[in-house]
Amino acid sequence: QKSTVVITGASSGVGLQAARALSQKGWYVVMACRNLSKAENAAKSLGMEPDSYTVMHIDLGSLESVRQFVKDFRASGKSLDALVCNAAIYMPLIKEPLRSPEGYELSVATNHLGHFLLCNLLLEDLKNSPSSEPRLVILGTVTHNPKELGGKIPPRPDLGDLQGFAAGFKEPIAMIDGKKFEPVKAYKDSKVCNVLTMRELHRRYHESHGITFSSLYPGCVATTALFRNHYPLFQKIFPLFQRYITGGFVTEEESGDRVAEVVSDPQYNQSGAYWSWGNRQKKNGKSFLQEVSNEASDDDKAERMWELSAKLVGLA
Ligand code: NDP
């Protein structure tokens with residue numbers, strides 16, 4: 001029987017290519033997406049074998065939808081052998097925060113809180129996997145990390161003392177640190193939470209549940225729809241800049257292959273790890289374990305972030 005992987009946000013970009021790569025490696029792929037027909041068309045356009053995948057609805061920005069997805073997935077009777085938390089939104093140009101149905105700032109709600117709930121609910125399913133080593137992989141990014149070149153551009157992420165989370169994270173609060181709304185920083189903060197979540201999952205559940213938790217930075221995939229909400233000129237120049245100046249450019253295919261390796265190859269069996277192929281892409285470049293930012297390696301902050309997030313998603 002095939003192993004099953006759930007991939008969030010598999011209707012475009014990195015997630016779609018990861019779905020394609022894992023289906024080619026013989027996995028059964030559950031594409032967890034908010035737009036079913038878009039995801040179906042995307043899978044068809046890549047020629048994915050019809051019996052190697054299914055599309056299921058999830059809106060990561062809505063906690064109710066995340067819970068419904070878990071019910072629907074369980075009703076399918078499939079075992080869960082791997083989960084990839086990939087979906088994200090990036091809204092660099094908005095002036096006022098958008099809100100989730102629960103009233104939370106939408107990029108943190110989608111990128112972090114929705115995935116936080118999903119991971120917690122599916123832990124049991126991963127634990128019960130017949131696979132000897134189920135995996136949970138969360139997409140990270142270099143922009144979470146001011147120690148790296150790509151992470152030095154302001155605004156830098158900073159969760160502060162999580163005052164915004166502690167105060168309930170609803171109007172008028174829009175940032176985790178409780179400060180003024182800054183959409184680029186909100187995205188970076190959400191990605192710091194993704195890395196903290198991975199590390200805290202590892203600390204809490206690796207031994208007891210036998211799950212391998214990891215994150216990766218797949219390289220700068222400058223052509224994806226992640227940048228659709230940026231200035232048109234930026235969308236034109238950014239890929240060229242990454243390809244010819246910084247050398248960080250990675251194709252969507254390659255980024256998907258990298259995610260698929262971290263999900264399925266024996267060499268990526270280290271739990272708590274953050275994988276990278278570096279800032280400058282070299283031909284046949286090898287992956288390595290990368291240090292995460294100071295904030296993302298702060299264990300006390302990870303624990304506090306965990307407890308406050310659990311409250312916000314209704315788990316505590
Ligand atoms: P894309 O915008 O191409 O893909 C994002 C995916 O997330 C889409 O499938 C989108 O669905 C989905 N999505 C967005 N909001 C929701 C929601 N509320 N519910 C369900 N699905 C949702 O971006 P990328 O492929 O570039 O990004 C994927 C991941 O890779 C992200 O976690 C990002 O942080 C990470 N990453 C990307 C890098 C890059 O350079 N591009 C670099 C480092 C990390 P829809 O198609 O309906 O919009």
Side-chain angles (χ1 to χ4, degrees), residues 6-20 31-43 45 55-66 68-69 84-92 98-102 104 106-115 117-118 137-145 148 150-151 157 184 186-195 197-198 215-230 234-235 238-239 241-243 246 248-256 258-259 262 274-279 281 290:
V6 168
I7 306 177
T8 66
S11 52
S12 81
V14 179
L16 172 62
Q17 290 295 338
R20 185 265 313 151
M31 301 169 69
C33 299
R34 61 178 168 178
N35 183 334
L36 298 180
S37 56
K38 180 179 177 186
E40 187 60 58
N41 288 334
S45 74
V55 177
M56 283 175 71
H57 185 263
I58 193 169
D59 178 353
L60 266 310
S62 154
L63 299 176
E64 199 184 304
S65 172
V66 171
Q68 185 60 47
F69 170 82
V84 179
C85 296
N86 163 82
I89 52 168
Y90 177 54
M91 300 278 181
L98 301 170
R99 295 282 167 183
S100 74
E102 288 81 16
Y104 302 141
L106 193 61
S107 51
V108 169
T110 305
N111 306 355
H112 166 57
L113 292 172
H115 281 131
L117 178 61
L118 184 68
V137 176
I138 306 181
L139 267 286
T141 171
V142 71
T143 54
H144 98 274
N145 193 349
E148 296 284 320
V184 175
Y187 170 79
K188 294 181 183 179
D189 286 351
S190 76
K191 300 306 288 186
V192 172
C193 287
N194 285 161
V195 180
T197 299
M198 181 279 287
S215 281
L216 72 151
Y217 169 57
C220 184
V221 205
T223 52
T224 71
L226 195 67
F227 306 102
R228 89 196 97 180
N229 296 307
H230 220 305
F234 176 90
Q235 294 180 37
F238 187 53
F241 176 71
Q242 291 295 343
R243 194 191 284 269
T246 69
F249 184 88
V250 170
T251 63
E252 296 179 28
E253 289 79 5
E254 176 77 37
S255 69
R258 289 175 175 179
V259 173
V262 173
Y274 183 90
W275 300 99
S276 173
W277 283 256
N279 277 313
Q281 306 299 320
Q290 192 167 45

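Whatever order the structure lists ligands and atoms in, that order sets their numbers, starting from 1. Bear in mind the structure is a predicted one, so any value in this text is a computation, not a measurement.
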- If we only count N/O pairs under 3.5 Å, is Asn86 in contact with ligand 1? yes
- Query: Between the candidates Leu36, Leu60, Val221, which shows the shortest non-hydrogen contact distance to atom 17 (C) of ligand 1?
  - Reply: Leu60
- Is Leu226 close to ligand 1, meaning an N/O of one under 3.5 Å from an N/O of the other? yes
- Rounded to the nearest 0.5 Å, the CG atom of Leu60 sits from the OG atom of Ser100 at a distance of 11.5 Å
- Query: Just distances here: any N/O of Val14 and N/O of ligand 1 closer than 3.5 Å?
  - Reply: yes
- Message: Among Glu252, Arg34, His144, which one puts a heavy atom closest to atom 14 (C) of ligand 1?
- Response: Arg34
- Should Asp59 be listed as contacting ligand 1, given a heavy-atom distance under 4.0 Å as the test? yes
- Message: Could you check whether Lys191 and Asn194, counting side-chain N and O atoms only, form a donor-acceptor pair closer than 3.5 Å?
- Response: yes
- Non-hydrogen atoms of Gly219 versus ligand 1: any pair closer than 4.0 Å? yes
- Does ligand 1 have any atom that is closer than 4.0 Å to a heavy atom of Gly140? yes
- Query: Is Asn86 reaching over with its side chain to a backbone N or O of Thr8, donor-acceptor style, under 3.5 angstrom?
  - Reply: yes
- Query: Going by distance only, is there an N or O of Ala222 that falls short of 3.5 Å from an N or O of ligand 1?
  - Reply: no
- Would you say Tyr90 contacts ligand 1, with heavy atoms under 4.0 Å as the rule? no
- Please check if the side chain of Arg258 supplies one atom and the backbone of Pro218 the other of a donor-acceptor pair under 3.5 Å. yes
- Give yes if a backbone or side-chain nitrogen or oxygen of Gly9 is under 3.5 Å from a nitrogen or oxygen of ligand 1, and no if not. yes
